[in-house]
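Structure record follows, encoded as structure tokens.
The figures here come from the full heavy-atom set of this structure, side chains too, leaving out hydrogens, waters and symmetry mates.
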There are 2 protein chains.
Amino acid sequence: MAKPLPLLTNPAPERRDAARNREALMSAATALVAEVGVRGVTMDALACRAGVGKGTVFRRFGSREGLMAALLNHSETEWQAAVMGGPPPLGPGAPPLERLLAFGESRMLLNLRHAELIEAAGNPGARSVAAVSFTTMHVRYLLGQLRVEGDLGYLATALIAPLEIIVLREQVEPGSAPIDRLVAGWSDLTRRVVGMT
Amino acid sequence: MAKPLPLLTNPAPERRDAARNREALMSAATALVAEVGVRGVTMDALACRAGVGKGTVFRRFGSREGLMAALLNHSETEWQAAVMGGPPPLGPGAPPLERLLAFGESRMLLNLRHAELIEAAGNPGARSVAAVSFTTMHVRYLLGQLRVEGDLGYLATALIAPLEIIVLREQVEPGSAPIDRLVAGWSDLTRRVVGMT
DNA sequence: GGTCGAAACGGACCACAGTCCGCTTCTATT
DNA sequence: AATAGAAGCGGACTGTGGTCCGTTTCGACC
């Protein structure tokens, strides 16, 4: 009973050396990606660049995929902030259908921009939990605002699916650059699902 | 002019030893997958099991992903035959909407069944070219039969997207087994896109 | 049958992701 | 301030994907 209550001792205060290394690793990783591209980043090089041992890198990120997920997480968070609190039509304030269409275009461009990183981050890990559920929840919410009836969870997933890079790639690669066509196509799809104009 | 016409000497007769090794590799690979699972198959083990050198394995398949793609290709071909010439409603003979709905369910189950293999095969390589374009063409054709108007290529891709494993996984894993719900959801989605009951 | 060029073979070799475990550094307790 | 125990560290080590290149095998043409 001499210990302070568990609730007061926060889960993990994080030691000072650990914090220093974390920061060194993140900035080194960012720099490396900028220099040699996502594919060229090796865990050995990262450890060396950050001035830490390889074991430390794996302690932090668990795996190469975990590292990529951590890098993704940063810009993903910014984007989520823009959706939740940024200016309309992406952020709140615009009519739901406008917000939804803005969401689709924005997400599509974001995924195209981060294509390499997303693929290197793989399926499992921290990414899916955070990113996928957020986008699904948001679209589901907008569908509700639009008084759409049916399995909103499924419809939300179905609308987001064609925005994933794995799907976008096959459309972008061969036919040069019909991004306008993709935006228009998604808009049409969404209107059909929503049920009018 | 002494040579036989090029059209008669087919592009690549394939040497006998090469053919023998190809067969040995394919059956060894199938056996290994059955024994230790997709993840447990290593290229070294495969080479050893088939009684060839490692270089031969890579000559055949190019990479681990290529090997998985080759394994996938087999069942994929069977499935395509069922779609093109099997019994209705998946095969020809049923009304277009019924065929389309049967297609969705069948494709969904196929992707779930081959989940491990598909993921191990990765994005690039022979798989996308064959599988993706076939499914897209087929759906596009059915949409045309249904007199749907708009960018049929995009709509086809959008309908197929939620059937990909990368999307299915997030729906199947957490909520146990609502496969019926997925089938119903896709059916609803399709009816909305097509434009009527 | 003998010869020649090309295709195929195979195992030594390399690079990189990921593990292991002894050592160091921190924080809490007295 | 000293100490004990835990958290963190780091680099040697392992397993596997993938490459390289000298050797073998094939098939076509004399």
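- Taking atom CZ on B:Phe61 and atom P on C:dA8, their separation rounds to 14 Å, with Å as the unit.
- Of the residues in residues 34-53 of chain B, those with a non-hydrogen atom less than 4.0 angstrom from any atom of DNA chain C are B:Val52, B:Gly53.
- Phosphate contact (OP1/OP2 of D:dG8, side-chain N/O of A:Arg59, threshold under 4.0 Å): present.
- Between the CG atom of A:Leu25 and the C1' atom of D:dC9 there is a distance of 12 Å, given to the nearest Å.
- Side-chain atoms of B:Val38 and B:Leu71, non-hydrogen and from C-beta on, never get closer than 4.5 Å to each other.
- Note: CZ (A:Arg60) to C1' (D:dG10) measures 14 Å, nearest angstrom.
- Checked against side-chain hydrogen bond (donor to acceptor under 3.5 Å, both in side chains), B:Glu119 has the following partners two or more places apart in sequence or in another chain: A:Asn123, B:Arg169.
- Counting atom types as modelled, B:Arg15 pairs a side-chain N or O with a base atom of C:dA7 as donor and acceptor under 3.5 Å.
- Ranking D:dG17, C:dA17, D:dG10 by closeness to the A:Asn21 side chain, first place goes to D:dG10.
- Between B:Lys54 and A:Ala19, the residue whose closest nucleotide on DNA chain D is further toward the 5' end is A:Ala19.
- Separating the CG atom of A:Leu32 from the P atom of C:dC16 is a distance of 12 Å, rounded to the nearest angstrom.
- Atom CG in B:Leu67 sits roughly 10 Å away from atom P in D:dG18 (whole-Å rounding).
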Ignoring hydrogens and angles, write down the donor-acceptor pairs under 3.5 Å from the side chains of residues 84-96 of chain B, residues two or more places apart or on other chains.
none

Please output the side-chain donor-acceptor pairs of residues 141-151 of chain A that fall under 3.5 Å, not counting sequence neighbours, one pair per line with the distance.
{"from": "A:Tyr141", "atom 1": "OH", "to": "A:Gln145", "atom 2": "NE2", "distance (Å)": "3.4"}
{"from": "A:Asp151", "atom 1": "OD1", "to": "A:Gly153", "atom 2": "N", "distance (Å)": "3.3"}
{"from": "A:Asp151", "atom 1": "OD1", "to": "A:Tyr154", "atom 2": "N", "distance (Å)": "3.1"}
{"from": "A:Asp151", "atom 1": "OD1", "to": "B:Arg181", "atom 2": "NH2", "distance (Å)": "3.0"}
{"from": "A:Asp151", "atom 1": "OD2", "to": "B:Arg181", "atom 2": "NE", "distance (Å)": "2.7"}

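- Out of D:dT19, C:dG18, D:dG27, the shortest distance to the side chain of B:Phe58 is found at D:dT19.
- Not one side-chain nitrogen or oxygen of B:Arg64 sits closer than 4.0 Å to the OP1 or OP2 atom of D:dT16.
- At a threshold of 4.5 Å between non-hydrogen side-chain atoms, the residues B:Glu105 and B:Leu101 do not count as touching.
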With a cut-off of 3.5 Å and sequence neighbours excluded, list every side-chain donor-acceptor pair involving residues 23-32 of chain B.
{"from": "B:Ser27", "atom 1": "OG", "to": "B:Ala24", "atom 2": "O", "distance (Å)": "3.4"}
{"from": "B:Thr30", "atom 1": "OG1", "to": "B:Met26", "atom 2": "O", "distance (Å)": "2.9"}

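- For C:dA8, the OP1/OP2 oxygens have no side-chain nitrogen or oxygen of B:Thr56 closer than 4.0 Å.
- Residues in residues 50-82 of chain B take part in these ring pair (Phe, Tyr, Trp, His ring centres under 6.0 Å) pairs, two or more places apart or across chains: B:Trp79-B:Phe103.
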